[in-house]
Amino acid sequence: MKNRLVCIALAAAVAGTLAGCSGELSNEYVTVTQYKGLEVPQATATVEEVTDEQVDQMIEGTLSTYAERKEVTDRAAQEGDIVNIDYTGYLDGEAFDGGSAEGADLELGSGSFIGATDDYAGFEEQIEGHNPGEEFDIQVQFPDPYTRNPDMSGAVADFHIVLNSITEENIPELTDEWVKENSEESETVDEYREEIRSALEEEQQENVDSELASSVQSALLEKIEIKGYPEDEVNEQVAQLTDTYSQMAEMYGMELGEFLEAYMQITEEEFNEQVKEAAQTTAAFDEAVKLIADKQHLEPSDEEYEEKALEYAQAAGLDDVDAYEEQVGEDLLRKVILREAVMDYLVDECIQVEQTDSSAE
């Protein structure tokens, strides 16, 4: 739990860009015994050539998100349709728990519901051929074993079905016209395929970078000797962490203490202790970042700050840096941008070491 809180505190502070990488630096709070050439495990994630099949799969998935739904009223349901149904399940004439729903959407052929057995057709198959507004009964057999509810394994059940509506999805065809309307970078299908290929390559590189950054972060933390903590920074981190978990509890309609005991199996007192430790670790990490930034002259220029601030703002759906600064606070934004610059530098300076079976242990 404590490690998790530390990770959340650091991730919140660096907005997903944390990493951490000889020289000794010191101030009143910390001493960084090493920050260049930190040895870290070689990343297990790799960047491989993107295949045409992977590009096709990505494009198919993207096109499906642009599918238009059209209600069908002049034919029976068929495989591929999305049906809206009410259903009630019965065992030996008695409705059973979890076997009923109203207004449920189901794609026929998706295999989401009970499938066919040797003696009974599947749930979805038996809806095919029925028209909107029809009520009918079907009989299915639960698989054996049935892991979701072992007590139902092999059981034969009756379902009363009301077919409320049928909808078909029309997935657009990949054409130059579609590309022009939906891509900001490409105008033809060939260009769009290369755009997707580049995006997949970038995603692989991001996975490598993320893994490496996490390793470097851990390595740097091990090279920080703590002499004390900046009280204001610790209090700020405590407030941020507590607020994060309070919002999570609110989403579940619970008080913080109730949420912690129900979902994290700790008391509020234990939580407060661990939050403080995590906040102290983050504050010490921040002091190390400031020392490294000063030593290596990594403080972003005004122009670099504006560019990076705009990047963060756009990622949050805003084009106005001033509005974004007002939303998150300029001090915090400058701190995040500085951390990112330092962490990029440290990652470039670190040394990846191939792991053997013995070193992994």
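These numbers come from a predicted model, not from an experiment. Sequential numbering from 1 along the given sequence is applied to the chain's residues.
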For this session: Answer yes or no: is there a side-chain heavy-atom contact under 4.5 Å between F159 and Q126?
Result: no
Problem set entry | Side chains of D137 and I161 in contact at under 4.5 Å (non-hydrogen atoms) | no
Exercise. According to the interplanar angle, ranging from 0 to 90°, do the rings of F113 and F123 count as parallel (below 30°), tilted (30 to 60°) or perpendicular (above 60°)?
Worked result: tilted
Exercise. Taking side chain as C-beta onward, heavy atoms only, is S112 less than 4.5 Å from L106?
Worked result: yes
For this session: For Q141 and T117, test the side chains for any donor-to-acceptor distance below 3.5 angstrom and give the result as yes or no.
Result: yes
Seminar exercise, completed: Interatomic distance, CD@E185 vs OH@Y192, rounded to 0.5 Å, equals 10.0 Å
Exercise. Strictly by modelled atom types, are Q204 and N207 linked by a side-chain donor-acceptor pair under 3.5 Å?
Worked result: no
Problem set entry | Nearest-0.5 Å distance, CD1 of residue I337 to CD of residue E311 | 8.5 Å
Exercise. Is the closest side-chain heavy-atom distance between V72 and T167 below 4.5 Å?
Worked result: no
Problem set entry | Pair F136 + H130: ring centers closer than 6.0 Å | yes
Exercise. Ion pair present between E177 and K180, side-chain N to carboxylate O less than 4.0 angstrom?
Worked result: no
Problem set entry | NZ/NE/NH1/NH2 to OD/OE distance under 4.0 Å, R75 and D81 | yes
Problem set entry | side-chain contact (heavy atoms from CB on, under 4.5 Å) partner of P230, chosen from E287, E28, E236 | E287
For this session: Supply the atom-to-atom distance M248 CE to Y252 OH, rounded to the nearest 0.5 angstrom.
Result: 6.5 Å
Exercise. In terms of side-chain geometry, is the basic nitrogen of K223 or E24 positioned less than 4.0 Å from the acidic oxygen of its partner?
Worked result: no
Problem set entry | Residue pair T51 / V55, side-chain heavy-atom distance below 4.5 Å | no
Exercise. Do D243 and Q247 meet the criterion of a side-chain donor-acceptor pair at a distance under 3.5 Å?
Worked result: yes
For this session: Before accepting this row, confirm whether a basic side-chain N of the pair K308/E340 lies closer than 4.0 Å to the acidic partner's carboxylate O.
Result: yes
For this session: Examine the side chains of T44 and E211 and answer whether a donor and an acceptor come within less than 3.5 Å of each other.
Result: yes
For this session: Check whether any side-chain heavy atom of K36 lies under 4.5 Å from a side-chain heavy atom of C350, and answer yes or no.
Result: no
Problem set entry | Lys/Arg-Asp/Glu bridge criterion (N-O < 4.0 Å) met for E273, K276 | no
Exercise. Looking only at heavy atoms, what is the nearest atom pair of L338 and P300, with distance?
Worked result: CD1-CD, 3.9 Å
Exercise. What pair of heavy atoms forms the shortest contact from I224 to F285, and how long is it?
Worked result: CD1-CA, 4.1 Å
Exercise. What's the spacing between T281 OG1 and E277 CD if we round to 0.5 Å?
Worked result: 7.5 Å
Exercise. Should the pair R334-E330 be classified as a salt bridge under the 4.0 Å nitrogen-to-oxygen rule?
Worked result: yes
For this session: Work out which heavy atom in T62 is nearest to a heavy atom in Y66; give both atom names and the distance.
Result: O-CD1, 3.2 Å
For this session: Classify the side-chain pair E68/N170 by whether it contains a donor and acceptor separated by less than 3.5 Å.
Result: no
Exercise. Would you say the side chain of E195 lies within less than 4.5 Å of the side chain of S183, judging by non-hydrogen atoms?
Worked result: yes
Problem set entry | Atom pair CG/CD1 of L63 and I171 - distance to nearest 0.5 Å | 7.5 Å
Problem set entry | Minimum side-chain heavy-atom gap V179-E191 below 4.5 Å | no
For this session: Could you label the plane-to-plane angle of the Y245 and F271 rings as parallel, tilted or perpendicular, counting under 30° as parallel and over 60° as perpendicular?
Result: perpendicular
